[in-house]
Amino acid sequence: MSVNDYAGPRPAQEATSQGNPERGKYVYCIVEAETPRSFGPMGIGGRGDDVYTIHHGGLAAVVSDTPVVVYDPTRENALAHEQVNEAAMKEFSVIPMSFGTVFRTAQDVIEFLKDTSEALRDVLKKMRDKIEFGLKVNWDPDTVLREVEGESEGIRRLKEEILSNRLASTYLARMQLGRLVERAMNEKSDIYVRAIYDHLKDCAIASRHNKPIGDKMILNAAFLIERGKAAEFDHTVQEIAQSYDGRLRFLYTGPWPPYNFVNIHLKLERTEARR
Amino acid sequence: MAVERRTGGTSLIDVLDRVLDKGIVIDAWVRISLVGIDLITVEVRIVVASIETYLKYAEAVGITAPAARPSVAAPREEPSLGPSERFGGEPRREVLRD
C-alpha cells in the first residue's frame with residue numbers, strides 16, 4: 001500500500017506501467033455485496049485485467065487494476081466501462097460511476113466508500129431491482145411536412161401565394177409560412193410523444209426526457225423499470241411501435257444501469273490529516 | 001415492423017450519452033487530480049456535493065416535448081418548466097416518489 005511512499009500529486013501519465021509499479025483502481029460502479037467476487041478479465045484498457053470488488057461496510061466498488069492514467073472516452077474504453085456495468089447488473093442493483101474515475105490505491109477506494117456511504121446506501125435502496133431502458137423515436141420530417149401541408153388550409157394558401165409571385169416581397173410571407181409549419185409540426189410531435197408516454201407510464205416507475213438529437217428525433221427518453229416488469233415494458237413498447245408502423249421509427253435500448261435516474265455529484269474537500 | 005431491443009453496450013452514442021456525465025460524477029478537475037492524489041495521505045476527502053434521484057415522472061411530459069424543429073427557430077414559451085429543464089438540463093429535484 002502506498003501510505004508510506006506518497007510522493008506528492010503526480011501528473012497523469014501515458015498508459016504505460018513503466019516507472020509506476022503501483023496499480024491504480026478504475027471504478028465502474030457501486031453495489032451492495034458482502035463477499036468478494038470476480039467478474040472476469042474484462043477490465044478497461046484492453047490488458048485483460050480482472051474485474052473484482054473492494055468492500056467496505058456492506059458496500060462494494062466494482063474495480064479493475066489500472067495504471068494511473070486519464071482514460072479517453074474512446075469506443076473501446078466507453079464500451080469496456082459499460083460492459084462491466086452490464087455484467088454487474090446481472091446479479092446486483094448497481095449505481096453506475098461516470099466514466100474515467102481512477103483511484104490511486106485500494107485504500108483510497110475504501111475511503112471513498114466510507115466518506116460517501118450514507119448517500120450510496122440511500123440511493124442503492126431507491127434503485128434496488130430497478131433498471132433503465134432508453135427509447136428514441138424518430139419521424140421523417142419530409143413526410144410529416146407533407147401531412148401538415150395537406151391538413152392545413154392556411155399553410156396551403158400561403159404557400160400558393162408565395163409561389164405565384166404575386167407578392168412584391170415574399171420575405172415576410174415566407175417567415176410567416178415557416179412559423180405556421182413549425183407550430184403545426186410541434187403540435188403533431190407533442191401528440192405523438194404524449195400518446196407514447198401515456199402507454200408506457202403504467203409499467204414504468206419514472207421517466208426522464210432528454211433533448212432529442214437532430215431534426216428527425218421527436219423523443220429521447222429514459223424509463224426506470226422494476227426488474228420484474230421488464231417483460232411487460234418490452235411488450236408494451238412492441239405494441240406501440242407496431243401501432244405507429246410506417247410513421248415512427250423506434251430505437252429501443254437496454255437494460256441499462258439507472259444512469260439517467262441517479263446523479264451523485266462528488267467533490268474533494270480539505271480536511272484534517274487523518275493519520 | 002416490431003422494434004428490436006438492443007442491449008445497452010451495442011450503441012456507442014447511447015453509451016457515451018450515459019457514461020460521460022451521469023451516475024456518480026466526480027468533479028472533472030478532481031477526476032484528473034484523483035489519479036495523482038493519494039486520498040488517505042493528503043488532507044482531502046471525497047464529499048457528496050449533491051444527490052438527485054429522479055424517481056418521479058417528468059410531470060410535463062408531452063407538454064414540454066421539444067419537437068423536431070428548424071435549428072434557427074426561436075425557443076417556444078413553455079410555461080410549465082424553467083429554461084434549464086427544457087432541454088435535458090438538470091432539474092433540481094429530490095426524490096418525490098418512492
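A note on names: the letters A, B, ... follow the listed sequences, proteins ahead of strands, and every chain is numbered from 1.
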Which one wins on heavy-atom pair count under 4.5 Å against chain B: Ser98(A), Ala195(A), Gly134(A), Pro257(A)? Ser98(A)
Taking every non-hydrogen pair under 4.5 Å, which of Lys267(A), His81(A), Glu239(A), Met97(A) racks up the most with chain B? Lys267(A)
The side-chain contact (heavy atoms from CB on, under 4.5 Å) partner of Tyr54(B) among Val262(A), Ile205(A), Asn263(A), Leu224(A) is Asn263(A)
Counting only non-hydrogen atoms closer than 4.5 Å, does [X] touch chain B with its backbone (N, CA, C, O), its side chain (CB onward), both, or neither?
{"X": "Leu120(A)", "result": "side chain"}
{"X": "Asp234(A)", "result": "side chain"}
{"X": "Ile30(A)", "result": "side chain"}
{"X": "Lys25(A)", "result": "neither"}

About how many Å separate NE2 of His265(A) and CD1 of Ile26(B), when rounded to the nearest 0.5 Å? 9.0 Å
Check ion pair Glu132(A)-Arg18(B) (N to O, under 4.0 angstrom): yes
Where do Phe103(A) and Ile46(B) land on the side chain to side chain contact (heavy atoms under 4.5 Å, CB included) test, with the steps shown first? CA-CA 11 Å; Phe103(A) 289 84; Ile46(B) 294 182; 3.5 Å; yes
Of all of Ile13(B), Val48(B), Ile24(B), which one pairs up most often with chain A through heavy atoms under 4.5 Å apart? Ile24(B)
Of the listed residues (Leu20(B), Asp17(B), Leu16(B)), which shares the most heavy-atom pairs with chain A below a 4.5 Å separation? Leu20(B)
Residues forming a side-chain contact (heavy atoms from CB on, under 4.5 Å) with Glu76(A), sequence neighbours excluded: Thr74(A)
Tell me the closest heavy-atom pair linking Lys22(B) and Tyr259(A), and the distance in Å. CB-O, 3.4 Å
